[in-house]
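Written below as structure tokens is the structure these notes are about.
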Amino acid sequence: MATKASRSAARLMMAPAVILLLGWMLVPLIMTLWFSFRNYLPLKGGDLGFAGFDNFIRFVTSTSFWPAIGATMTIVVGALVITIVFGVLLALLLDQPMWGQGIVRILVIAPFFVMPTVSGLVWKNMFLDSVNGLFAQIAKMFGATPVEWIIDQPFPSLILIVSWQWLPFATLILLTAIQSLDSEQLEAAEMDGAPPLKRFWYITIPHLSRAITVVLLIETIFMLSIFAEIKMTTAGAFGTKTLTYLIYQRVLESQNVGLGSAGGVYTIILANIVAIFLMRLVGKNLDA
Amino acid sequence: MGKITLQSVRKSFGDVHVIPGIDLEINDGEFVVFVGPSGCGKSTLLRLIAGLEDISAGSIAIDGLDATHLPPAKRGLAMVFQSYALYPHMSVRKNIAFPLKMAGMDPAEQERRVTHAANILNLTNYLERRPGQLSGGQRQRVAIGRAIVREPSAFLFDEPLSNLDAALRVSMRQEISELHQSLKTTMIYVTHDQVEAMTMADKIVVLNAGRIEQVGSPLTLYHQPDNVFVAGFIGSPKMNLITGPTAAAHGCHTLGIRPEHLDIRADGIWEGRVGLAEHLGSDTFLKVDAGALGTLTVRATGEVGLRHGDVVRLAPQEGRLHRFDQDGKAIRG
């Protein structure tokens, strides 16, 4: 892209993609913002005029708001802990030279390609089901009473499903980070008298810290908006109504578009706070 | 104490015999340099001594105790790596203190040793910095500091100066030599640079394809190379090696003469035409095309008014000729 002509040609050719992406992002964003300030009740006659900050106040003062925040946090934190701990361990394992490494690595990534709706259904019916589920079968094999996972253990069930989906992502990022660790550092630590566990703690973990933070932030952004898994399993029952699910209920079950949009604006702000930290971190990463 | 004995040490990676069998004695307090071309097994040998690689056969004894199967940390050796291998997330102080912390040493004693090492190595003002904020030479010193604090029975250096620029390399060379003078600890130093080997070593071990070609003091290797390989490897510029009728006339297969032992004289026995002339000021290196003898390198002291294409006559100095037989072994006497 040396000449002026080729540069403007490049811009022209990129324009359709850029405009499409911008439209894709801006139209829903602006509509959400617009509706959040309107009294929009489709069943009561549609747009009933300007509402000021009423929707925003009603959304946070509703009795469902804090439980929803609690449910969201439980699932996000639980899944983050599991994906990062097991992600590090799996990455360490996959870093070892072994037979069939390529195939194993592809298999590990596989869950990431399964759509959330599908994985929610698969987990619900094939693993967690109290009659036909794999876990129930295993329990019966040992003569135990099968657990009604989705009814009695809704949060562990959801955390399990979400973790299963995001573990590949964490593993992949952490694996590349582990592969970039200078082996001489580990050897130096070995000569310095550090046994394997201390080498892991003092050398490998600090080396991974940045990758772990990136995984943490990216996963947080995406997990704040998990919806399909809940819809497919508990459908918001048993206290698993997250912020996203609450918005869905406000808009589609209560038919209050304005209130739901206000909730949507809160989640946009929340995700952006996390994104700012992520951008800074990635920026720092590029500078170093 | 730091006496290291290798007995028929062998190392194979699968079918590749990197080190087919080495016997070597390193005495306490010696500065030993392993030198050889890349891929000769010198770094592998060092790693075998360090314990970072398992030996395939033979034994290693440190201070008379069998260390063949000891883990690296128990051998009492400290190593300085080519990449320095500093821990990037720790300050200089923590880097240097790391081996002491791993040994569970009392914090006050740790502090005392770190301060002492920092004094020796001029690092006192940099103790709170991270390795990333240091220059190449300073990183090198931190790596040495981390080795010193353990008070090991021997230091192992794996090409420690290869990442430094030429000027810094010369000064670090002196610092390491001075360190050896003051600590009087055994040091094993691996390099491919024969100048480093000649200037620093008490004893040089010349390696080629995993075998020891010759062990001796720098000047022994210079004056009495055991074979053609050592003759060609030690000394800069390289020794001229002449084969053919001229060598046969001296009763050998290969005749060696160092560039500094060829005089340019009107009554010289060999005639040649000057090709390339490198003027260094103190010396002049001439590449002389001497017909059937091949290209000879001549080192003339000071400035010489010779240019490309001039015809010169060369006289080898008496008693400076090296004779080698068919197998490349030196013919003495």
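Chain letters run A, B, ... following the sequence lines, proteins first and then strands; every chain starts at 1.
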Problem set entry | Exercise: identify the closest heavy-atom pair between A/Y202 and B/M102 | CE1-CE, 3.4 Å

Problem set entry | pair A/D192-B/R150: side-chain heavy atoms closer than 4.5 Å | yes

Problem set entry | A/E184 CD to B/Y84 OH distance, which is reported to the nearest 0.5 Å | 11.0 Å

For this session: Count the heavy atoms belonging to other residues, nucleotides or ligands that lie under 6.0 Å from CD1 of A/I103, then report whether that count exceeds 12.
Result: no

For this session: Report yes if some heavy atom in the side chain of B/R75 is under 4.5 Å from a heavy atom in the side chain of A/M191; otherwise report no.
Result: no

Exercise. More than 12 heavy atoms of other residues, nucleotides or ligands under 6.0 Å from CZ of A/F169: is that the case?
Worked result: yes

Exercise. Are more than 12 heavy atoms from other residues, nucleotides or ligands located less than 6.0 Å from atom CE of A/M98?
Worked result: yes

For this session: Step through the shown structure and confirm whether more than 12 heavy atoms of other residues, nucleotides or ligands are within 6.0 Å of CZ on A/F222.
Result: no

Exercise. CZ of A/R105: more than 12 outside heavy atoms within 6.0 angstrom?
Worked result: yes

For this session: Measure across A/A188 and B/Y87 and return the closest heavy-atom pair with its distance rounded to 0.1 Å.
Result: C-OH, 3.4 Å

Exercise. For B/K74, is it the side chain, the backbone, both, or neither that has a heavy atom closer than 4.5 Å to a heavy atom of chain A?
Worked result: neither

Exercise. By salt bridge (charged side-chain N to carboxylate O under 4.0 Å, His left out), which residues pair with B/R139, not counting sequence neighbours?
Worked result: none

Exercise. Where on B/L100 is there a heavy atom nearer than 4.5 Å to chain A: the side chain, the backbone, both, or neither?
Worked result: neither

Problem set entry | Residue, of B/A143, B/G132, B/P72, B/S83, that accumulates the most heavy atom pairs under 4.5 Å with chain A | B/S83

Problem set entry | B/A50 versus chain A, the contacting section by heavy-atom distance below 4.5 Å | both

Seminar exercise, completed: Most contact-rich option vs chain B, by heavy-atom pairs under 4.5 angstrom, among A/P195, A/S209, A/S183, A/G193, is A/G193

Problem set entry | Any side-chain heavy-atom pair of A/Q185 and B/P88 under 4.5 Å | yes

For this session: Check the pair B/R47, A/E187 against side-chain contact (heavy atoms from CB on, under 4.5 Å), reporting the backbone distance first and the verdict last.
Result: CA-CA 10 Å; B/R47 292 168 61 84; A/E187 287 178 346; 2.6 Å; yes

Seminar exercise, completed: Tightest non-hydrogen contact, residues A/E190 and B/L52, listed as OE1-CD2, 3.8 Å

Problem set entry | Heavy-atom neighbours of A/L197 CG exceed 12 at 6.0 Å | no

